[in-house]
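Taking it in order: structure first as structure tokens, then the write-up.
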Amino acid sequence: MNVEGRRYRTIWLKEENPAVVQIINQLALPHRFEIIDLCSVEDVRRAIKDMYLRGAGLIGAAAAFGMYLAVLEAAPEGGGGDPAGFGEALQRAAALLKNTRPTASNLAWAVDRMLALVLRIPGGERRERARLAAQEIADGDAECCRCIGLHGAELIRAIAEKKRGEPVNILTHCNAGWLAFVDYGSALSPVYAAFDRGIKVHVWVDETRPRNQGASLTAWELARHGVSHDLIADNAGGHLMQHGMVDLVITGADRVTRRGDAANKIGTYLKALAAKENGVPFYTALPSSTFDFTLCDGLGEIPIEERDPSELRFISGKTAEGRIETVQICPDESPARNWGFDVTPARYITGLICERGICEASEAGIRGLYPEGNLAPLGLGGAVPEGNLAPLGLGGIH
Ligand code: MRU
């Protein structure tokens with residue numbers, strides 16, 4: 001996507017030195033646009049854990065590049081084809097990266113895929129093949145998101161036709177735009193695709209407490225692309241729906257079970273309840289790397305990340321003088337609990353917008369789009385079932 005007229009992805013290898021991964025520092029947005037270098041597995045681990053980068057697809061791509069850096073560290077150039085302890089070092093890096101954030105499926109999906117590949121290729125080729133594999137995961141993520149945009153834009157077009165050209169009002173939660181992926185985004189990709197086709201759209205942006213990904217990232221992205229939007233308090237969505245001011249809700253997802261239960265940023269479930277009550281269609285947009293075919297019951301089985309209470313007790317922002325400051329917003333003695341995600345049961349989801357098309361949030365609907373999806377868990381270093389190795393974004397776009 002474009003930032004001040006220049007095309008960016010959220011992650012790439014440094015042109016002059018492909019042993020360095022570069023990312024947009026999301027902690028600096030919306031007030032500063034900053035690129036940072038990640039030079040080691042430890043840098044990638046910290047970037048994911050401390051949320052210099054975030055969002056399911058981008059976490060997956062970063063972990064893939066982290067595994068590539070792990071190969072560079074474990075098999076230095078000129079160090080011979082098969083250094084002692086290579087496999088163990090890779091397993092350690094995989095565990096380190098997977099332990100950063102528990103909820104998004106894309107993380108383990110990408111790490112397992114890289115690990116399985118790297119461990120079975122001959123020593124001399126590992127560095128180059130690991131780079132290509134990480135790049136393929138990143139490119140696949142971008143391509144999936146582009147396709148999600150094409151399918152989702154048709155939903156928006158249908159509503160626009162019914163409204164005879166009046167703007168289509170779309171509510172979204174958190175940031176599932178291009179910053180959350182390698183490019184395009186999931187929930188926002190249909191918005192950009194519709195906007196680029198001349199369909200009038202307007203986005204209600206949930207601020208998304210406590211980290212404010214809506215206020216700081218979604219609003220920033222939409223403004224860069226020139227899309228009409230208003231920031232709203234997290235609690236405003238129900239009121240807007242009651243008054244006919246929302247035509248469609250589209251959110252992203254961090255993990256979706258094989259029957260369509262979807263974990264997404266905390267607060268999503270309440271939006272789905274309000275949408276159901278008010279007859280507003282509620283769609284979840286995701287690339288297939290976000291499915292966890294090993295899980296069925298999202299409420300009981302999806303691990304929900306609980307983050308540091310300080311994210312809730314303090315808030316950062318820009319002062320009138322332009323300084324970034326952090327202030328405490330609760331009494332000194334008040335403890336806090338900070339769950340990062342909630343699960344929306346499939347029955348509240350009108351449909352899933354995926355790279356292969358739109359399906360019902362049900363086991364049959366998902367299997368219809370992804371028949372190769374399987375129930376076998378991916379084991380570290382074990383055989384990865386073919387369904388999970390198929391190139392992303394290729395073929396079968398329905
Ligand atoms: O904690 P985050 O910011 O990594 O949470 C992920 C999200 O941004 C949302 O849950 C999003 O809607 C799904 S990720 C595309």
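All ligand and atom numbering here is 1-based and tracks the order in the structure. We use all heavy atoms of the structure for the numbers below, so side chains are in, but hydrogens, waters and symmetry mates are not.
- A distance of 6.0 Å or more separates the ring centres of Phe282 and Tyr348.
- Residues Ile48 and Leu13 share a single hydrophobic cluster, defined by chaining ILVMFWY side chains whose heavy atoms lie under 4.5 Å apart.
- Within 4.0 Å of ligand 1, heavy atoms belong to protein residues Met51, Arg54, Gly55, Ala56, Arg101, Cys174, Asn175, Ala176, Ala180, Phe181, Gln213, Gly252, Ala253, Asp254, Asn264, Lys265, Phe341.
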Under the side chain to side chain contact (heavy atoms under 4.5 Å, CB included) rule, what do Leu188 and Trp178 come out as? Steps first, then yes or no, please. CA-CA 7 Å; Leu188 292 191; Trp178 70 273; over 6 Å; no
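- In plain terms, the two heavy atoms of Gly252 and Ala187 that are nearest each other are N-CB, 3.7 Å.
- At least one cation-pi condition fails for Arg367 and Phe293: the charged atom is not both under 6.0 angstrom from the six-membered ring centre and inside a 45 degree cone around its axis.
- Considering CG of Asn278 and NE2 of His243, their distance stands at 9.5 Å, rounded to 0.5 Å.
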